[in-house]
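Take a look at the structure below.
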2 protein chains.
Amino acid sequence: MTRWLDDEEQRIWRNFLATTQLVNERLDRQLQRDAGMPHTYYMILVALSEAPGRSMRMTDLAHRAQSSQSRLSHAVARLEERGWVRRAPCADDRRGNIAVLTDDGFAALAAAAPGHVEEVRQSLFDALTPAQLHTLDEICTAVRSKTVGGSS
Amino acid sequence: MTRWLDDEEQRIWRNFLATTQLVNERLDRQLQRDAGMPHTYYMILVALSEAPGRSMRMTDLAHRAQSSQSRLSHAVARLEERGWVRRAPCADDRRGNIAVLTDDGFAALAAAAPGHVEEVRQSLFDALTPAQLHTLDEICTAVRSKTVGGSS
DNA sequence: CTCGGAAATTTGAACTCTCAAGCAAAGATA
DNA sequence: TATCTTTGCTTGAGAGTTCAAATTTCCGAG
C-alpha cells in the first residue's frame with residue numbers, strides 16, 4: 001500500500017531535487033569564496049541586522065534565521081570569535097542570551113551583500129518569468145502551510 | 001549598480017529558501033531516523049540500483065547521485081564499511097573504480113524506500129495541485145538550464 | 001619511446017551540522 | 001518554601017561536507 005511515484009512524478013521529483021541543490025550549492029560556494037562564510041552564517045547576520053538594536057534573543061534569532069538552537073549556538077560562537085557578533089546577558093530573564101551584531105559584523109555583511117544578491121538573481125530570478133515567480137511563491141506557501149508542525 | 005531585491009522579491013526569496021530547507025530537513029530526518037542513512041547515501045544507493053549490473057564507475061555515479069567526487073568517495077567508503085557497496089577495479093581503465101551495490105545494500109534500499117516515498121509525498125506532492133506541479137517542473141527546468149556551467 | 005599534461009580517485013584536515021545530554025533559571029504546585 | 005516541570009541555551013561527540021593536495025594511470029606531442 002505504498003503510494004509509489006509514477007515515472008512522471010519521479011522525473012519531477014528529481015528535477016526539483018537537482019534544482020534546489022544546485023541553487024544551494026551556488027549560494028554557499030559564492031559566499032564561502034567571496035565572503036568567507038557559509039550561507040547559514042549570512043542568514044544570521046541578516047536577521048540581526050534587521051532587528052531593533054541589531055540584537056535578538058537566541059531563540060528568536062534561531063527562528064528568524066531558520067536554524068536549530070544548537071546550530072545557532074555553535075554558529076554564534078564562531079561569529080563571536082571573528083568579532084562579528086557578541087553575546088550579552090538578557091536583562092529580564094537571566095537564562096536568556098542576546099546576540100548583538102557588532103560594527104565589524106555589520107561591515108562584513110554589507111561587504112558580502114552585493115555579491116550574494118547578484119548570485120541570488122543569477123541562480124533563480126533571472127531564469128523565471130513573472131508568472132512563474134508568482135506560482136513559485138504560491139507553491140512554496142502551499143508546501144509550508146501543509147503539515148507545518150509534526151507531532152514529536 | 002547592485003540589482004537589489006525589492007520587498008516582494010525578498011519575500012518570495014525567503015519563502016523559497018524556507019521551503020526548500022524544510023523539505024530537505026524532513027527528508028534527511030526521516031531517512032536518518034527510519035533507515036539510519038542520510039539522503040545523500042540514499043541517492044547513491046538508488047543510482048546504483050538502477051544501473052546495469054547494479055554497478056557504476058565512480059565518476060558516473062557522482063554525476064547521477066548529484067555528488068562531488070570527494071563526497072562520493074567518502075560516502076562509498078562508509079557504505080563499504082556497512083557492506084552495502086563494494087569497490088571493484090575497472091577492467092579497461094586501471095585508474096577507474098567501480099562501485100557495486102551488494103545484496104545487503106539492495107535490501108537496505110528496499111527497506112528504506114516506502115518510508116522515504118511517503119515522506120516525499122507528504123512533504124511536496126500532497127500539497128500541490130496538478131497545475132502547480134506542472135509549473136514547478138517548468139521552473140526547475142528553467143533554473144537548471146540557465147547558466148548550467150559557470151566559468152571556473 | 002618519452003615527457004608533460006589531463007583524468008580518475010583518494011586522502012586529510014578544517015569546519016559545520018545533528019543529536020543527545022547537560023546546566024541554570026523560571027514557573028507552577030502544593 | 002520545597003519540589004517538579006518547563007524553558008533557554010550550551011556543550012561534546014559523532015558524522016558528513018568541502019577544499020586542496022596527493023597518487024596513479026592515460027593520452028597525445030615530439
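So that the names make sense, note that chain A is the first sequence line, chain B the second, and so on, each numbered from 1.
A:His74 has its side chain out of reach of A:Arg71: every pair of non-hydrogen atoms, C-beta onward, lies at least 4.5 Å apart. No side-chain heavy atom of A:His134 sits under 4.5 Å from any side-chain heavy atom of A:Thr129. Within the 4.5 Å cutoff, side-chain heavy atoms of A:Val76 are placed close to those of A:Leu72.
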Intermediate values then yes/no, side-chain hydrogen bond (donor to acceptor under 3.5 Å, both in side chains), B:Asp34 and B:Gln30
CA-CA 6 Å; B:Asp34 298 340; B:Gln30 185 277 323; 3.0 Å; yes
What verdict does the side-chain hydrogen bond (donor to acceptor under 3.5 Å, both in side chains) test give for A:Gln132 and B:Thr135, after you've listed the backbone C-alpha separation in whole Å, the side-chain angles of each residue and the deciding distance to 0.1 Å?
CA-CA 7 Å; A:Gln132 286 176 324; B:Thr135 304; over 6 Å; no
Where do B:Leu17 and A:Leu27 land on the side-chain contact (heavy atoms from CB on, under 4.5 Å) test, with the steps shown first?
CA-CA 11 Å; B:Leu17 228 45; A:Leu27 246 50; 4.2 Å; yes
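Residues from residues 39-67 of chain B that place a heavy atom under 4.0 Å from any atom of DNA chain C, listed by number: B:Arg57, B:Met58, B:Thr59.
Residue pairs that meet the salt bridge (Lys or Arg N to Asp or Glu O under 4.0 Å) test with at least one member in residues 113-137 of chain A, sequence neighbours left out, are A:Arg26-A:Glu119, A:Glu118-B:Arg3, A:Arg121-B:Glu9, A:Asp126-B:Arg3, A:Asp137-B:Arg11. For residues 82-91 of chain B, the set of pairs meeting the salt bridge (Lys or Arg N to Asp or Glu O under 4.0 Å) definition, not counting sequence neighbours, comprises B:Glu80-B:Arg87.
Annotation: the span from B:Arg33 atom CZ to B:Asp28 atom CG amounts to 11.5 Å, rounded to 0.5 Å.
B:Arg78 places its CZ atom 11 Å from the C1' atom of C:dT11, with the value rounded to the nearest Å. Counting to the nearest Å, the P atom of D:dC19 and the CG atom of A:Asp34 are 12 Å from each other. Here the P atom of nucleotide C:dT10 and the CD1 atom of B:Ile98 are 12 Å apart, to the nearest Å. Atom-to-atom, CD of A:Glu81 to P of D:dT10 comes out at 14 Å; the value is rounded to the nearest Å. If you measure from atom CG of A:Asp93 to atom C1' of C:dA25, you get 7 Å, rounded to the nearest angstrom. In this entry the distance linking CD of B:Gln69 with P of D:dT23 reads 18 Å, nearest Å. Across the protein-nucleic acid pair, B:Leu72 atom CG and C:dT10 atom P stand 8 Å apart, rounded to whole Å. In this structure, CG of B:Leu79 is placed 13 Å from P of C:dT10, rounded to the nearest angstrom.
At the phosphate of C:dT10, OP1 or OP2 sits under 4.0 Å from a side-chain N or O atom of B:Arg87. Look at B:Asn97 and you'll find a side-chain N or O under 4.0 angstrom from OP1 or OP2 of C:dT10.
A:Thr102 places a side-chain N or O within donor-acceptor distance of the main-chain N or O of A:Trp84, the cut-off being under 3.5 Å.
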Nucleotides 2-7 of chain D: which of its N/O atoms have a protein N/O under 3.5 Å away?
{"from": "D:dT7", "atom 1": "O2", "to": "A:Arg95", "atom 2": "NH1", "distance (Å)": "2.7"}

Using a cutoff of under 3.5 Å, can you pull out all pairs of nitrogen or oxygen atoms linking the protein to nucleotides 18-21 of chain C, with atom names and distances?
{"from": "C:dT18", "atom 1": "OP1", "to": "A:Arg71", "atom 2": "NH1", "distance (Å)": "3.2"}
{"from": "C:dT18", "atom 1": "OP2", "to": "A:Arg71", "atom 2": "NH1", "distance (Å)": "3.1"}
{"from": "C:dT18", "atom 1": "O4", "to": "A:His74", "atom 2": "NE2", "distance (Å)": "3.3"}
{"from": "C:dC19", "atom 1": "OP1", "to": "B:Arg29", "atom 2": "NH1", "distance (Å)": "3.3"}
{"from": "C:dC19", "atom 1": "OP2", "to": "B:Arg29", "atom 2": "NH1", "distance (Å)": "3.0"}
{"from": "C:dC19", "atom 1": "N4", "to": "A:Ser70", "atom 2": "OG", "distance (Å)": "2.5"}

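Each of B:Asp92 and A:Cys90 was assigned the nucleotide of DNA chain D with the nearest heavy atom; the assignment lying further toward the 5' end belongs to A:Cys90.
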Could you tabulate the donor-acceptor pairs under 3.5 Å formed by side-chain atoms of residues 38-54 of chain A, not counting sequence neighbours?
{"from": "A:Ser49", "atom 1": "OG", "to": "A:Val46", "atom 2": "O", "distance (Å)": "2.8"}
{"from": "A:Glu50", "atom 1": "OE1", "to": "B:Arg14", "atom 2": "NH1", "distance (Å)": "3.2"}
{"from": "A:Glu50", "atom 1": "OE2", "to": "B:Arg14", "atom 2": "NH2", "distance (Å)": "2.9"}

